[in-house]
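Just below is one structure, and these are the notes that go with it.
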Amino acid sequence: MLNYQLSPIKKLVMALALITPTLALASGTPGESPAHWSYSGDSGPSHWGDLSEEYAACGIGKNQSPIDVELKDIVNAGLAPIEIHYKGQITSILNNGHTLQANVEKGSYMVAEEQEFKLLQFHMHSPSEHRVGGETFPLEIHFVHQNSRGEIAVVGALFRTGDSHENLRKIFSGAPLEGETIPSTLALTEIIKLKSIPSYFRYNGSLTTPPCTEGLRWYIFPTVLTVSKEQIAQFISVIGYDARGTQPLNARFILSAD
């Protein structure tokens with residue numbers, strides 16, 4: 001359960017029942033290379049919106065991610081638990097120069113807000129992109145899903161420093177070099193074994209990388225598991241630091257399922 005005491009406000013349970021547009025996870029004209037971006041320097045997050053017209057939302061968007069989940073902004077909405085139906089294997093690990101991305105077999109999905117979202121892939125950020133009450137976590141994993149209408153929903157799982165995570169160790173220690181993809185036979189359920197997520201934060205946001213497209217459903221699940229300091233160091237040695245800073249909440253609500 002979440003360790004945040006909230007005053008219930010029942011009538012706002014539908015506040016985030018907003019129209020979520022169909023999204024593309026990549027941008028650019030076919031055959032045209034997208035503008036180079038990074039996490040530092042002249043191509044870093046503060047410059048993303050200026051690198052390309054297609055990245056404009058990174059600079060002018062009003063519903064950007066990640067955010068700091070602050071107590072004063074949270075509404076207890078009594079949302080139903082997220083049902084997790086993951087199965088099969090991770091098929092490959094990609095190092096795209098920005099993160100390690102795990103591609104998965106078809107068939108895994110989650111049910112959130114009475115909708116089914118198929119799992120597309122998951123990838124990692126260190127340090128965490130989202131914060132809770134100002135706290136930054138050493139690792140965040142984004143489980144990216146899509147429903148039949150093309151709408152994107154992401155579960156952001158925050159990890160604390162502690163005991164080693166054996167199966168993440170297998171990914172980090174054998175990570176491919178930048179631009180490479182290596183096969184994997186690791187069971188998806190060895191990464192996250194949950195069957196449901198009863199406590200989480202829900203808000204409307206965006207991709208956290210260019211083109212920063214808005215309209216995503218975000219579900220933030222604090223402290224799923226732990227990773228060791230050595231594992232974090234392994235990840236950083238391969239990818240570097242890959243976290244966008246938190247963005248203004250503006251007029252959005254953050255709903256709590258707890």
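Keep in mind it's a predicted model, so treat the numbers as computed, not measured.
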Counting only pairs under 3.5 Å, give me each side-chain donor-acceptor contact of residues 99-112, with atom names and distances, residues two or more places apart or in other chains.
{"residue": "Thr99", "atom": "OG1", "partner": "Met124", "partner atom": "N", "Å": "3.1"}
{"residue": "Thr99", "atom": "OG1", "partner": "Met124", "partner atom": "O", "Å": "2.5"}
{"residue": "Gln101", "atom": "NE2", "partner": "Asn103", "partner atom": "OD1", "Å": "2.8"}
{"residue": "Asn103", "atom": "ND2", "partner": "Ser92", "partner atom": "OG", "Å": "3.0"}
{"residue": "Glu105", "atom": "OE1", "partner": "Gln89", "partner atom": "N", "Å": "3.0"}
{"residue": "Ser108", "atom": "OG", "partner": "Lys87", "partner atom": "N", "Å": "2.8"}
{"residue": "Ser108", "atom": "OG", "partner": "Lys87", "partner atom": "O", "Å": "2.9"}

>> Can you list everything that forms a salt bridge (charged side-chain N to carboxylate O under 4.0 Å, His left out) with Glu116? Sequence neighbours excluded, please.
In response: none
>> Go through it in stages, so that I can follow the logic: the residues are Glu135 and Arg160, the test is side chain to side chain contact (heavy atoms under 4.5 Å, CB included), and I'd like the CA-CA distance, side-chain angles, deciding distance and then a yes or no.
In response: CA-CA 11 Å; Glu135 180 181 0; Arg160 290 189 184 277; 2.5 Å; yes
>> Do Tyr203 and Ser65 pair up side chain to side chain, a donor and an acceptor below 3.5 Å, judged on atom types alone?
In response: yes
> Donor-acceptor pair, His165 side chain versus Thr226 backbone, under 3.5 Å?
Replying inline: no
Please tabulate, one pair per line, all N/O donor-acceptor pairs under 3.5 Å involving side-chain atoms of residues 178-187, not counting sequence neighbours.
{"residue": "Glu180", "atom": "OE1", "partner": "Leu177", "partner atom": "N", "Å": "3.4"}
{"residue": "Ser184", "atom": "OG", "partner": "Leu186", "partner atom": "N", "Å": "3.2"}

>> On a heavy-atom basis, which atom in Cys58 and which in Gly49 lie closest, and how many Å separate them?
In response: CB-N, 3.8 Å
> At what distance, to the nearest 0.5 angstrom, does CD1 of Ile192 lie from OH of Tyr86?
Replying inline: 6.0 Å
> When Glu140 is tested against each of His130, His125, Arg131, His123 for side chain to side chain donor-acceptor pair (under 3.5 Å), which residue passes?
Replying inline: His130
>> Can a donor-acceptor pair be found, under 3.5 Å and without considering hydrogens, that links the side chain of Asn95 to the backbone of Pro176?
In response: yes
> So among Phe221, Trp218, Tyr219, which one has a ring pair (Phe, Tyr, Trp, His ring centres under 6.0 Å) with His142?
Replying inline: Trp218
> Looking only at heavy atoms, what is the nearest atom pair of Ala57 and Pro211, with distance?
Replying inline: CB-O, 3.8 Å
> Do other residues, nucleotides or ligands put more than 12 heavy atoms under 6.0 Å from Asp163 CG?
Replying inline: no
> Step by step, would you call Phe172 with Val238 a side chain to side chain contact (heavy atoms under 4.5 Å, CB included)?
Replying inline: CA-CA 8 Å; Phe172 296 163; Val238 175; over 6 Å; no
> When you look at CG of Asn250, are more than 12 heavy atoms from neighbouring residues, nucleotides or ligands closer to it than 6.0 Å?
Replying inline: yes
>> Restricting to non-hydrogen atoms, name the atom on Arg244 and the atom on Pro45 that form the minimum distance, rounded to 0.1 Å.
In response: CG-CB, 4.3 Å
